[in-house]
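Have a look at the structure below, then the notes.
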Amino acid sequence: MKRPTDHPAGRSAAERSRHGRPELWRSLIAHLRHELRTSLTAIIGYGDHLLECLPLDASISAFDALNGLREIGAFVLSQVNERISEEALVSADPQTLVRSLRELDEVTSPHTSRIEPLCAELLSRFESEERLTLIPILCRIQAGGVTLRNLISGYSHNALPKAPWLTLPLGEEEPSTPAPLSRSRTGHFGGRLLVVDDHSANRDMLRSCLERRGYEVHEAPGGRSALQLIRENDFDLILLDLVMPDLNGLEVLDKLRAEGRLDLAPVVLLSASDKLGDVARGIECGAEDYVTKPFNMVLLHARIRACLELRRLRRCEEAYVTLLREHRARAEEAQRTARSAAGEQEGT
């Protein structure tokens, strides 16, 4: 005789759903990681950006506060990677996930609660030193910290977090589509990049950091708008988010391949997921490289430069092959002409 818990009716609705829909369960875990790491991207990424922008004559306490913000982001990221991972939770039940989220809240709360005071301290210092251009960047760090705190706290108090985009209607319209760009180059020595990400904070952070390095940066809020921009404009490289609500990064790559546009510009995938399987799928679909969120801007910049250099070398190789073919064709034509002339002389 079976125990009541062995019968499907003896399981909770959430547990039956997880056992019946493993892909949805994996997607839920991926969604949680994506949301948390997106907020961490703002804290760590903008923190790096501020450290780059801060003049050397700034006070030591300003540098200490910024380094403190980065350390908080790095610590919370390590806890998210350890406690909220597919490897740790894919075979677990919903109660284990909730427990992990509550533990994450307990461990990170003393650290995330320091973000706002550190930002307030820096804000006061920047105002007194009239470093007004740095204040908007600092506000984004503060907003990322508030979002991160609310996410962790909210997840820890809910029975089971939901992933709204998992049930997004297929026919839902894309938000405002950006106007086509001019095909003319604007003289940026770094190259023209397209940043595709459904989170405006990520796009803004990448734009700020990359424009500082000399790139011309354009943005798309989703996969559909990105495809439209790519069809109508020339880009040197595309930074493509893997997880988006309308078309994900892999679907965008598939469409670019089907349209014969995949070779026009290298694609670097951006994602909060750090699973090797995602890396492999992205490369198989045609991406040149892969960078995880939160971004290490030094590493991202190095990979962008490597991809652009590889693109330049490929174009040089293609031009060289074309030149060789033209030279060979001219040589063959000259040989035919010479043979024809020799034949005419023999006939006379």
Side-chain angles (χ1 to χ4, degrees), residues 34-54 66 69-70 73-74 77 133-134 136-145 147-148 175-176 178 181 186 188-223 225-227 229-230 233 235-249 252-253 265-274 278 282 287-308 311:
H34 181 268
E35 292 298 301
L36 293 169
R37 289 170 67 109
T38 295
S39 298
L40 287 164
T41 297
I43 297 169
I44 297 174
Y46 281 125
D48 285 339
H49 187 39
L50 266 182
L51 282 169
E52 287 184 355
C53 296
L54 202 60
L66 283 174
L69 287 170
R70 286 203 78 264
L77 175 62
T133 58
L134 303 181
I137 306 174
L138 182 61
C139 290
R140 295 182 184 109
I141 296 177
Q142 187 171 18
T147 301
L148 177 67
S176 58
L181 311 172
T186 60
H188 285 65
F189 62 84
R192 173 184 270 194
L193 310 185
L194 175 64
V195 174
V196 187
D197 197 306
D198 58 312
H199 286 270
S200 59
N202 285 347
R203 298 196 306 272
D204 185 77
M205 184 269 293
L206 285 169
R207 172 191 280 274
S208 298
C209 294
L210 293 171
E211 285 184 342
R212 180 178 174 81
R213 287 169 166 83
Y215 297 103
E216 176 188 349
V217 182
H218 301 276
E219 304 175 21
S225 57
L227 287 171
L229 284 174
I230 293 168
N233 303 276
F235 295 102
D236 296 309
L237 183 137
I238 300 165
L239 297 172
L240 179 62
D241 190 21
L242 185 60
V243 179
M244 293 182 289
D246 57 345
L247 293 176
N248 64 42
V252 172
L253 287 170
V267 177
V268 176
L269 285 177
L270 309 172
S271 179
S273 173
D274 52 2
D278 290 335
E288 290 284 349
D289 212 332
Y290 186 95
V291 179
T292 58
K293 302 175 184 178
F295 307 117
N296 180 316
M297 289 308 301
V298 174
L299 177 61
L300 177 60
H301 180 51
R303 291 185 172 174
I304 289 173
R305 290 188 62 179
C307 286
L308 290 176
R311 179 176 187 258

(request) Starting at CD1 of Ile43, measure out to CG of Leu148 and round the result to the nearest 0.5 Å. (result) 5.0 Å

(message) Evaluate Leu210 against Ile304 for side-chain contact (heavy atoms from CB on, under 4.5 Å), listing each step before the verdict.
(response) CA-CA 10 Å; Leu210 293 171; Ile304 289 173; 3.7 Å; yes

(message) Quick check: do Glu52 and Arg213 have side-chain heavy atoms less than 4.5 Å from each other?
(response) yes

(request) Name all residues meeting the side-chain hydrogen bond (donor to acceptor under 3.5 Å, both in side chains) criterion together with Asp197; count only those two or more places apart in sequence or in a different chain, and write none if there are none. (result) Asn202, Lys293

(message) To the closest 0.5 Å, what do you measure between OG1 (Thr41) and CG (Leu36)?
(response) 10.5 Å

(message) So, using side-chain hydrogen bond (donor to acceptor under 3.5 Å, both in side chains) as the criterion, who are the partners of Gln142 when residues are at least two apart?
(response) none

(message) Quick check for you: to the nearest 0.5 Å, what is the distance between Leu138 atom CG and Cys53 atom SG?
(response) 12.0 Å

(message) Within the structure provided, determine whether Tyr215 and Asp236 are in side-chain contact (heavy-atom separation under 4.5 Å).
(response) no

(request) Under the side-chain contact (heavy atoms from CB on, under 4.5 Å) rule, collect the residues that match up with Arg303, sequence neighbours excluded. (result) Asp289, Val291, Leu299

(message) Do Leu300 and Leu206 make a side-chain contact, defined as non-hydrogen atoms from C-beta onward lying under 4.5 Å apart?
(response) yes

(request) Find out whether Leu240 and Val252 are in side-chain contact, i.e. whether some heavy atom of one side chain is under 4.5 Å from a heavy atom of the other. (result) yes

(message) As an exercise, state the distance from NE2 of His218 to CD1 of Ile230, rounded to the nearest 0.5 Å.
(response) 12.5 Å

(request) For residues Ile141 and Gly47, report the shortest heavy-atom separation together with the two atoms involved. (result) CD1-N, 3.7 Å

(message) Using the side-chain hydrogen bond (donor to acceptor under 3.5 Å, both in side chains) criterion, which residues pair with His199? Sequence neighbours excluded.
(response) none

(request) Taking all non-hydrogen atoms of both residues into account, name the closest pair between Ala74 and Ile44 and its distance. (result) N-CD1, 4.0 Å

(request) Report the residues that fulfil salt bridge (charged side-chain N to carboxylate O under 4.0 Å, His left out) with Asp204, sequence neighbours left out, ordered by chain and then residue number. (result) Arg140

(request) Using a 4.5 Å cut-off on heavy atoms from C-beta on, say whether the side chain of Ser208 contacts that of Ile137. (result) no

(request) Search all heavy atoms of Cys307 against all heavy atoms of Val268 and return the closest pair with its distance. (result) SG-CG2, 3.8 Å

(request) Let me see the working for Glu288 and Val267 under side-chain contact (heavy atoms from CB on, under 4.5 Å), right down to the final yes or no. (result) CA-CA 6 Å; Glu288 290 284 349; Val267 177; 5.9 Å; no

(request) Kindly give the heavy-atom pair with the smallest separation between Ser39 and Gly144, and that separation in Å. (result) CB-O, 3.8 Å

(message) Taking side chain to side chain contact (heavy atoms under 4.5 Å, CB included) as the criterion, tell me which of Arg192, Glu211, Arg203 meets it with Val217.
(response) Glu211

(message) Let's go through Cys209 and Asp48 carefully: what are the C-alpha distance in whole Å and the side-chain angles of both, what is the deciding distance for side-chain contact (heavy atoms from CB on, under 4.5 Å) to 0.1 Å, and is it a yes or a no?
(response) CA-CA 9 Å; Cys209 294; Asp48 285 339; over 6 Å; no

(message) I'd like to check the side-chain hydrogen bond (donor to acceptor under 3.5 Å, both in side chains) partners of Arg305; sequence neighbours left out, ordered by chain and number.
(response) none

(request) For Val243 and Asn248, run side-chain contact (heavy atoms from CB on, under 4.5 Å): C-alpha distance rounded to whole Å, both residues' side-chain angles, the deciding distance at 0.1 Å, then the answer. (result) CA-CA 5 Å; Val243 179; Asn248 64 42; 5.9 Å; no

(message) Rounded at 0.5 Å granularity, tell me how far CG in Leu242 sits from OG1 in Thr292.
(response) 11.5 Å

(request) Decide yes or no for Leu237 and Leu193: does some side-chain heavy atom of the first lie under 4.5 Å from some side-chain heavy atom of the second? (result) yes

(message) Do Leu229 and Phe235 make a side-chain contact, defined as non-hydrogen atoms from C-beta onward lying under 4.5 Å apart?
(response) yes

(request) Nearest 0.5 Å please: distance from the NE2 atom of His49 over to the CG atom of Leu134. (result) 8.5 Å

(message) Show the nearest heavy-atom pair for residues Leu269 and Gly282, with the distance to one decimal.
(response) CD1-CA, 3.4 Å

